[in-house]
Amino acid sequence: MSQPWTDRAGTRFTTEKRPATGTRGMVVTNHPLASAAGAEMLAAGGNAVDAAIASLFTLTVVEPMMVGLLGGGTAHLRLADGTHTIIDGMATCAAAATPDMFTPAQPGNPRNLEAVGRLNAVGGLSVATPGNLKAWCEMLARFGSFPLADVMAPAIRHAERGYRATPYLAECAKEAAPDMAKDPAIAAIYVPDGAPLKPGHRVVQSDYAETLKTIAKEGVAALDGALGQVIGDGIARAGGLVTAEDIRAYRTIERAPLRGPYRDVEIVLPPPPASSGVHVLQMLNILSGYDLRAMGFGTADTAHLLAECLKIAFADRAAASGDPAFVKVPVEKLTSAAYADERRALIDMGRAQAWGAGVAPESPNTTHLTVADGEGRICCFTQTINSTFGARFIVHGTGLIPNNYLATFDPRPGNALSIVPGKRVTTSMSPMIVLRGGKPAYALGMPGGLRIFGSVMQGMLNLVDHGMSLQEAVEAPRLWTQGEALELEPAFGEAVRAELTARGHEIDRMPHVGGGMCAIRFHDDGVLEGAACWRADGTAVGVGGGLAREGVRFWPDAAGQR
């Protein structure tokens, strides 16, 4: 019998939520109504893709600060035949966008992407050409089994009838209220009567319900017609560059995932422009040279090692990351065992270091869902409008909140992340599927901007190295750095913090690192286990049971044999 992870741990914690199980399907999202929408599709006989798309449309209603039709995302699908594919629905720079369209607020700080006046973060000029609606409709048409109108029905219902705001939504509205107050349409919903909505407030989105009905009837073709024109005109009135033609011309890209070994499992993740696959595999190659299980979860040694690996990854990310159509990303070198050996040899376990790139030359408010069905399909999707409430205005008459994705580009010309027309957003989205013996063992992902891929990797390490339960793995305390302060969640104790400080780390205590992780574990007996964490309104809903045995009839007592 293996030794419990707590016997070796330097940090211990108690989980706040409980997992769910099912055999016909599992839906884990960051809102209970969205998870219920997906479960409704599974209960009606739909597959994981039907459930995932239903959940996404519902999230645009009940988690509007995180995801919307005018956003972007990365979808990782495993189909019933075992094949994996990535649907890249990330937003792109408009045709009229230019590298020098913004003035950097801090010209001498390359890590700061803010523009003067926050013009790349709030308002029409911050909007990039969205990809979400086209990606969702495409995935449903190719891999789903239900019509679009069916999977959109829960979203329309909640937009039309309303739902109760959670404390999480209320806190997000409070944070964004000063910007939203400048736009009457968005303020009317989320800053009613001049004050941020309160928990329990009934949120009704009548205009958005009508927009959803139009899409349910016309499909993605709505973007090529009147709706697309209204969106383009609305963004232009807000001072933006995205036009109806940009929206019509947008195309998703299907990509092959990156794969890499770690211990007894195989890790499958998105390729560039997602930086997650490259840098998670890079860090795992380095970590493979250490016995993390023996080092223990949350010890100073383990935390120090993770911090150094994160700094190495972010140094290389800054030098060579971006849309592969515009930037040469040295994927093979960064993910090679030889390169990991070089970097590992330079790590000093007794001293924190500043790392430079070993190769030549984003926002935390996102959502994630993980869905699986009993036939082997897995949907691991991360989607966003970038910052909370995106560009913080509503396209008049539509209920649609545009993204503010231009805030993730470098406002300085001539760099890997500089603005170029048609260039896709570089993302840290990490929808991860873990295989053992070629079969799914885990699927997990989360929101959190730059903190995503390091946190998802930690969730996987909790399972594979430390032997945690699924619920423990998603709720376990996290750390993060990109080379400056080392962020630690409160559960890390004073002794660990003191030892890390002694090794040269500048410690920054954070209430949480990243957002709500959504994960599924695939048991050998066919049971699906789902778990969500305390960092969002995450809810797992499992579907079990099934239809009656073939040939069963109902016989009233008077007619049946006694």
Side-chain angles (χ1 to χ4, degrees), residues 27 29 31 33-64 66-73 75 77 87 89 130-163 185 189 203-234 244 247-248 250-252 367 369 371 379 381 383-385 390 394-403:
V27 185
T29 81
H31 195 285
L33 293 179
S35 296
E40 181 182 335
M41 299 302 115
L42 293 173
N47 65 29
V49 179
D50 301 316
I53 302 303
S55 293
L56 284 173
F57 275 110
T58 302
L59 283 167
T60 70
V61 178
V62 299
E63 204 185 28
M66 299 294 176
V67 62
L69 301 186
L70 300 186
L77 297 99
I87 303 300
N132 270 351
L133 180 58
K134 286 195 174 181
W136 299 355
C137 290
E138 176 185 319
M139 288 187 287
L140 182 69
R142 291 180 59 188
F143 308 118
S145 64
F146 280 0
L148 181 62
D150 287 7
V151 303
M152 292 185 67
I156 293 170
R157 181 171 69 246
H158 293 307
E160 198 165 41
R161 298 180 184 176
Y163 63 93
I189 300 173
V203 182
V204 177
Q205 301 166 73
S206 302
D207 286 346
Y208 189 45
E210 294 306 312
T211 296
L212 290 173
K213 289 177 184 178
T214 297
I215 294 168
K217 180 179 179 181
E218 300 178 14
V220 73
L223 290 179
D224 297 330
L227 179 60
Q229 191 62 53
V230 168
I231 294 169
D233 291 346
I247 295 170
R248 281 192 291 270
Y250 180 90
R251 296 293 182 271
T252 64
T367 198
L369 60 80
V371 180
C379 297
F381 297 174
Q383 311 286 315
T384 187
I385 49 175
I394 280 178
V395 176
H396 183 72
T398 68
L400 293 165
I401 302 174
N403 68 80

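What you see is a predicted model, and the numbers here were worked out from it, not measured in a lab.
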Inset, instruction - Could you grab the distance from atom CZ of F143 to atom CD1 of I87, nearest 0.5 Å is fine? - result: 5.0 Å

Inset, instruction - List the atom of P64, the atom of I401, and the distance in Å for their closest heavy-atom pair. - result: O-CD1, 4.1 Å

Legend entry - Rounded distance (nearest 0.5 Å) linking atom OG of S55 with atom CD of E63: 11.5 Å

Inset, instruction - Hey, could you give me each pair passing ring pair (Phe, Tyr, Trp, His ring centres under 6.0 Å) that has a residue in residues 37-56? Not counting sequence neighbours. - result: none

Inset, instruction - Kindly indicate whether the side chain of I189, heavy atoms from C-beta on, has any atom under 4.5 Å from the side chain of I394. - result: yes

Legend entry - From CG (D207) to NE2 (H396), nearest 0.5 Å: 7.5 Å

Legend entry - Distance (rounded to the nearest 0.5 Å) between L212 CG and L400 CG: 7.5 Å

Legend entry - Candidate list V395, I385, T60, N132, test side chain to side chain contact (heavy atoms under 4.5 Å, CB included), partner L70, passing option: V395

Inset, instruction - State, to 0.1 Å, how close A135 and G89 come at their nearest heavy-atom pair, and which atoms those are. - result: CB-CA, 4.2 Å

Legend entry - Those residues that, when tested against A51, pass side-chain contact (heavy atoms from CB on, under 4.5 Å) (two or more places apart): V27, M41, L42, V371

Inset, instruction - Report yes if some heavy atom in the side chain of Y250 is under 4.5 Å from a heavy atom in the side chain of L133; otherwise report no. - result: no

Legend entry - Inter- and intrachain pairs under salt bridge (charged side-chain N to carboxylate O under 4.0 Å, His left out), touching residues 50-60, at least two apart: none

Legend entry - With S206 via side-chain contact (heavy atoms from CB on, under 4.5 Å) - residues at least two apart: V204

Legend entry - D150: partners by side-chain contact (heavy atoms from CB on, under 4.5 Å), with sequence neighbours left out: F146, P147

Inset, instruction - Would you check if I53 and M139 make a side-chain contact, meaning some heavy-atom pair closer than 4.5 Å? - result: yes

Legend entry - Closest contact, heavy atoms only, G73 versus Q383: CA-OE1, 3.5 Å

Legend entry - Which atom of G144 lies closest to which atom of V49, heavy atoms considered: N-CG1, 3.9 Å

List, one per line, each side-chain donor-acceptor pair under 3.5 Å for residues 213-225, sequence neighbours excluded.
| residue | atom | partner | partner atom | Å |
| --- | --- | --- | --- | --- |
| K213 | NZ | E160 | OE2 | 2.5 |
| K213 | NZ | E210 | OE2 | 3.3 |
| T214 | OG1 | E210 | O | 3.1 |

Legend entry - S145 side-chain N/O to G46 backbone N/O, donor-acceptor pair under 3.5 Å: no

Inset, instruction - Report the distance from atom CG of L56 to atom CG of L140, rounding to the nearest 0.5 Å. - result: 11.0 Å

Legend entry - Nearest-0.5 Å distance that lies between atom CD1 in I231 and atom OG1 in T211: 7.5 Å

Inset, instruction - Taking all non-hydrogen atoms of both residues into account, name the closest pair between L77 and C379 and its distance. - result: CD2-SG, 4.3 Å

Legend entry - Taking every non-hydrogen atom, the tightest pair across H158 and Y163: O-CD2, 4.0 Å

Legend entry - Electrostatic pair E138-R142, nearest N-O below 4.0 angstrom: yes

